[in-house]
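Every heavy atom of this structure was used, including side-chain atoms; hydrogens, water molecules and symmetry mates were not.
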Amino acid sequence: MTRKALLGGVSAAVFAVAAAGVGLADIRTGDSLVINGEIQIVTEAEPPAHLEGALSTLYSGWVFRTDETRAMQADDFDNPGMLYVEQGIDAFNTVMGSEGNSCASCHENPESLANVRPSYPQWDEAHGTVQTVEMQVQECQTERMGMEQPYGYDSQQMRNMVALIASVARGQTVDVAIDGPAAEAWELGREIYYTQYGQMELSCAQCHEQNYGNLIRADHLSQGQINGFPTYRLKNANIVSVHNRFRGCIRDTRGEPFSVGSPEFVALELYVASRGNGLTVEGPAVRN
Amino acid sequence: MTQTRRQFVGTGLAVAAAFFGLPHIANAAQLEEAIAAFTGGADMAGDGITLIAPEIAENGNTVPIEVDAPGAEAIMLLAAGNPQADVCTFNFGPAAGSRLASTRIRLAGEQEVVAIARMPDGSFKQARQNVRVTIGGCGG
Amino acid sequence: MAENVVPRVRVPRDASAGEAVSVRTLISHPMESGQRRGSDGNTIPRSIINRFTCEFNGELVIDVTIEPAVSTNPYFQFDATVNETGTFAFTWYDDDGSVYTESADITVA
């Protein structure tokens, strides 16, 4: 067998059920998620206008998970991701950098940042670029707090902080702007989403738009929504960032991933976030 | 070093056996040993103990398990297919409100989870449940 | 030594005398099993919480012997009978000799 034929075989095996199209047969839809008995999460929503014809319904990744995994997210005590949020709270109140400031010096409390996660990534006029929450944290640290070495983009400290900023926004509707100055990055992100990468020649869309609900090996493909990030992955027993997940996906296509924090991944994050406009912030969600 | 294709395949199989095969083979005896250490080889009844485990666990790292054996002094949890069979033992004190406990455990692949309760009269009860562990689609 | 080991417990604030209340506990801990290999190929030494106890007003509720098969961030849920107002004392024992404690009060009417 030639190498090409072998790879073709792999592709065919991966999508053994692809011919049947999107299959939600063994996914239980229609259930609602309420966290701590009070935070209403929208797990199924109308797609935004730009997805017309691509998706008929938006599904949170929660919908694709088993009862046990779903239940872990319904109560903060059961959600191990909240341990990292607690570490984020400690860091929020800790002075860092030469200016003698903590996050709390400017932002009072984490709840005051509740409007951040639902609207990011967003255009930053001063920097002339689209910024993610991570970039915004780094900006605060270097430009206002006097830190020479801000948190690394995918460091544990950064993930803790971003998880905290997401946690206070849970239940708020994701609404990232895709027009105006953000349009250029959004277009780039869309192009990346539909580009086939790696030896497996797979695009984001082939799995997460055309085959969500189907099995990839013994696992259900989700729509690849990122409203639950940073997300606690049972596999990692830790919270995982959006860019880390993107990198993992591209690596699994046997491609060479863009780097974490790269303009390509920022653009992809904006585009993928916009595919979830209408769902609600869930981070830190619990996923497999 | 030159290596023929056949040698290479053979090495691969040996490595695979070392990783996946042998721990299971070694474990059957280890499971029996762990059970014997707890029960002293006594017979075990199959009623009066409830083990709740998912039929399919989405990831082997964190599998929720609940066990309930009314009246038990202690309940031992074992995972028959893990490199080491012991998982944990719940010893109940006088202020225990029930003989129910739940935790989250690691399972190295599909296997049987075993719960054994020791009753105050020295008898033992046992429950077993098979748990399939999902092979993830993407390493991510 | 494990970093950021933080115990958390949840018990009801109040209960009626003789009631069995549900107790939930969680401690952030990597529970390094001793089965994994690091990037250098060497086995990462075992480092786990090996025992957990809960007492109410000095009386034992539960004493758990823990092996490496318990997941990262060990979680336990169980019931305790409360006959009077008092305090739960929780203790976690680490392989490295560290002992972590937490307490919680409950009012019994």
Side-chain angles (χ1 to χ4, degrees), chain B residues 18-19 23 26-27 30-31 34 37-38 52-53 57-70 72-109 111 113-114 118 131 133, chain C residues 11-12 15-27 29-37 43 46 48-84 86-90 106 108:
Chain B
F19 269 105
N27 194 253
Q30 210 240 327
L31 174 72
F38 188 65
I52 301 175
E58 218 155 18
N59 188 286
N61 265 345
T62 313
V63 183
I65 303 285
E66 182 179 306
V67 64
D68 185 13
E73 278 180 351
I75 304 175
M76 185 187 212
L77 273 182
L78 301 120
N82 275 2
Q84 181 189 337
D86 316 56
V87 174
C88 64
T89 304
F90 303 106
N91 298 286
F92 297 98
S98 72
R99 306 305 152 123
L100 176 153
S102 51
T103 186
R104 297 168 179 166
I105 72 170
R106 294 169 169 154
L107 295 177
Q111 59 181 288
V113 176
V114 182
R118 186 178 69 232
V131 178
V133 176
Chain C
V11 299
S16 47
E19 189 182 340
V21 297
S22 180
V23 178
R24 290 194 281 171
T25 71
L26 183 69
I27 187 165
H29 194 284
M31 294 291 282
E32 191 60 59
S33 68
Q35 301 280 347
R36 299 199 309 155
R37 285 181 196 280
T43 303
R46 173 183 137 155
I48 69 166
I49 297 283
N50 57 52
R51 185 182 174 208
F52 163 73
T53 63
C54 169
E55 292 182 349
F56 181 67
N57 286 354
E59 205 171 36
L60 183 70
V61 178
I62 199 167
D63 183 341
V64 190
T65 309
I66 304 170
E67 304 296 339
V70 168
S71 302
T72 304
N73 305 329
Y75 173 96
F76 295 106
Q77 180 172 0
F78 48 90
D79 299 323
T81 304
V82 289
N83 291 314
E84 60 199 357
T87 305
F88 284 99
F90 304 90
I106 187 167
V108 171

Picking from [options], which has the most non-hydrogen pairs under 4.5 angstrom with chain B?
options: C:S71, C:G18, C:A20; value: C:S71
options: C:N83, C:T25, C:V61; value: C:V61
options: C:V21, C:T65, C:V82; value: C:T65

Best-contacting candidate, B:A96, B:A85, B:A101, B:C88, against chain C by heavy atom pairs under 4.5 angstrom: B:A96

For the candidates B:T103, B:I65, B:T62, B:L107, which exhibits the highest count of non-hydrogen atom pairs separated by less than 4.5 Å from chain C?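 The answer is B:T103.
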
Measure the spacing between CG of B:D68 and CG of C:D79 and express it to the nearest 0.5 Å.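 B:D68 atom CG to C:D79 atom CG measures 8.5 Å (nearest 0.5 Å).
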
Measure the CG-CZ distance between B:L78 and B:F38 for me, rounded to the nearest 0.5 Å. 8.5 Å

Atom of C:E84, atom of C:F56 and distance for their closest heavy-atom approach: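 Smallest interatomic distance, heavy atoms only, reads O-CZ, 3.2 Å.
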
Please find the pair of heavy atoms, one from C:N57 and one from C:G86, that lie closest to each other, and give the distance.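 Shortest heavy-atom separation between C:N57 and C:G86 comes out as OD1-CA, 3.2 Å.
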
Side chain, backbone, both or neither: which part of [X] has a non-hydrogen atom closer than 4.5 Å to chain B?
X: C:P68; value: both
X: C:T72; value: both
X: C:Q35; value: side chain
X: C:S33; value: both

Sort and list the pairs that fulfil salt bridge (Lys or Arg N to Asp or Glu O under 4.0 Å) and have at least one residue in residues 86-109 of chain B, not counting sequence neighbours.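 As it turns out, there is no salt bridge (Lys or Arg N to Asp or Glu O under 4.0 Å) pair with a partner in residues 86-109 of chain B once direct neighbours are skipped.
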
Quick test of your reading: applying salt bridge (Lys or Arg N to Asp or Glu O under 4.0 Å), list the pairs with at least one residue in residues 63-73 of chain C, sequence neighbours left out, ordered by first then second residue. C:R51-C:D63

Determine, using ring centers only, whether C:F52 and C:F76 are less than 6.0 Å apart. yes

